[in-house]
Amino acid sequence: MTDLDTLRQSWLTRIADASDEQTLEQVRVGAIGKKGEVALKMRELGKMTPEERQTAGPALNALKNEINSALIARKTALADVALDERLRTEWLDVSLSPRPRQQGTLHPVPQVMEEVTAIFADLGYSVAEGPQIETDWYNFDALNIPSHHPARAEMDTFYMARAEGDQRPPHVLRTHTSPVQIRSMQDRGAPLRIICPGRVYRADYDQTHTPMFHQVEGLALGRDISMANLKWTLEEFCRAFFDVEGVELRFRASHFPFTEPSAEVDIRCSWAGGQLKIGEGDDWLEILGSGMVHPKVLEAGGIDPTEWQGFAFGMGIDRIAMLKYGIPDLRAFFDSDLRWLRHYGFGSLDVPTLARGVNR
Ligand code: DAH
C-alpha cells in the first residue's frame, strides 16, 4: 500500500499549494474526478483477489474521503482570503470630508443630456419639461393610445395607488417623454421646436432595461414641415453627437400610435473585434423612433391639424450614452459605484458646447 501513501502525499501537497479556486478545481478533477487518479485505482480493484480487495477497497475509499475533506477545507480557506482581500481594498472612509479632494464627476446621463441639449439648441430647439407622475390621459389617450390599445399592455406601466372610492383612471409613472409633447403644444401652440429630456419608468429589469431610465423627446411643428426635415435633423444630430462625419442612418417603416407615417431609425456601425464603431461596417443599431405627428395628437394638444404639421422623435438617453462611451451594462448606471463613476464620469466644469465640439 506504499504507493497509496505516495498518492495521498502528492495530492494533499497539491491541494495545499493551490492558490486559487480554479487551480483547486483542476486538482479535484485530477484526483477524485471521474477519470482522476483515485478513480483509476478503484478500477483496478476488479483485477484483485477477494482478500486483496478487502483491504484495498476501504483504503481507497478512505483516501477519497480524505482528499475530498482537504479540498473542502482548502476551498473555504481560499474564499476567506478572497473576502479578506476585498475587505482590505474596498473600503470607504465615511468620515472623510469630500471638499478638499474635489473629485466629483458628472454622471454620463446628465453629460449626454447636456450634449443633446447643446446640439438641438443650435438648431433652434428649447428644452421643455413635464411631470414624472402623469395622468392616464397625457401618457396614453392624448397620444392616440385609447384604453383598449395593445401598446398600453406592452409598456409595463407602473400605476399609482388610487384613493379609496376614486373612480378616475389611476395616475401613472410616465412610460415615455411623449406626454411632454401634448403639454408643450397646449402651453405654447405652434410653431414649436422643443426637446424634452427626462426620466421615464417601466417595470422591466435586465442588462439593457432598468425600471427607471431616460429619454429625450423631440417635436417640431410648422406649416410645411416634412419627413425630409426629420431625416436631415436626425442626421445632423447624429453627426454632431457621435462626432462621425460619414454617419449613416436607415429609416425603417414602423408603427407608433402617435405618428403617421412612423419610422424606426438605425445607425450604421461595426462590431469588429468586439468594439463598437459608429459610421462604418455592415451592422445596424436601432437608436430611436420617429414619425409625422398624428392629426389626433395635434388636436389633443389644441393645434389645428389642417394648418400645422410636424415631426416627433423619441430616443433613449442611456442607450446613446452606452453607445457613445462604450458602457456595457445599463444597470451599472444606477449602482452609484464610486469606481464606475470615476471611470465613466465627466469633469464637472467640462460643459459641452458646440463651438468647441460637444466631444472631449
Ligand atoms: N414614445 C416612444 C417610446 O417610448 C418613442 C417615440 C417613438 C417617440 C416615435 C416619438 C415618436 O415621439 O415619434 O417608445
Side-chain angles (χ1 to χ4, degrees), residues 116 120 125 127-132 134 136-146 149-158 172-186 190 192-204 208-222 225-235 237-238 249-267 285-301 303 305 308-320 330:
V116 171
F120 278 103
Y125 288 69
V127 173
E129 287 182 320
Q132 295 175 42
E134 235 342 333
D136 187 73
W137 188 81
Y138 277 108
N139 196 77
F140 294 122
D141 298 79
L143 291 158
N144 194 27
I145 315 175
H149 198 283
R152 289 207 183 195
E154 279 161 28
M155 282 217 178
D156 302 312
T157 310
F158 285 112
V172 300
L173 289 181
R174 68 178 179 197
T175 56
H176 49 180
T177 41
S178 304
V180 188
Q181 283 187 28
I182 307 291
R183 291 182 176 275
S184 305
M185 288 189 237
Q186 288 177 334
L192 186 61
R193 261 186 245 176
I194 48 152
I195 55 162
C196 330
R199 295 182 169 186
V200 299
Y201 302 83
R202 290 181 201 178
D204 203 354
T208 50
H209 299 92
T210 47
M212 186 280 290
F213 58 105
H214 303 84
Q215 286 190 338
V216 59
E217 190 80 14
L219 174 69
L221 298 180
I225 286 184
S226 73
M227 225 37 199
N229 301 121
L230 169 68
K231 187 160 184 286
W232 181 88
T233 304
L234 292 176
E235 275 169 359
F237 165 74
C238 288
L249 298 185
R250 179 170 81 174
F251 284 67
R252 243 180 322 106
S254 182
H255 175 77
F256 298 104
F258 27 88
T259 43
E260 180 59 38
S262 305
E264 277 172 297
V265 178
D266 305 332
I267 191 162
L285 245 175
E286 185 191 319
I287 53 163
L288 60 89
S290 64
M292 297 301 293
V293 182
H294 197 290
K296 282 193 182 162
V297 173
L298 293 173
E299 271 168 9
I303 306 272
W308 303 97
Q309 57 184 22
F311 64 73
F313 58 87
M315 191 158 46
I317 290 185
D318 319 79
R319 186 170 165 79
I320 59 172
L330 175 64

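Counting starts at 1 for both ligands and their atoms, following the listed order.
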Requested in this report: Could you tell me how the ring of F120 sits relative to the ring of Y125: parallel (under 30°), tilted (30 to 60°) or perpendicular (over 60°)?
Outcome: perpendicular
Query raised in the report: Do R183 and Y138 meet the cation-pi criteria used here (NZ or CZ under 6.0 Å from the six-membered ring centre, within 45° of the axis)?
Result: yes
Query raised in the report: How about F258 and H176: are their ring centroids closer than 6.0 Å?
Result: yes
Requested in this report: Using a strict cut-off of under 4.0 Å between a residue heavy atom and any atom of ligand 1, list the qualifying protein residues by chain and number.
Outcome: H176, S178, Q181, R202, Q215, E217, F256, F258, T259, G289, S290, G291, A312, F313, G314
Query raised in the report: Is it true that R319 and E286 make a salt bridge, defined as a side-chain N closer than 4.0 Å to a carboxylate O?
Result: no
Query raised in the report: Any donor and acceptor pair, going by atom type alone, linking the side chain of E260 with main-chain N or O of H294 inside 3.5 Å?
Result: no
**Report entry** Greater than 12 external heavy atoms within 6.0 Å of Q186's CD
**Finding:** yes
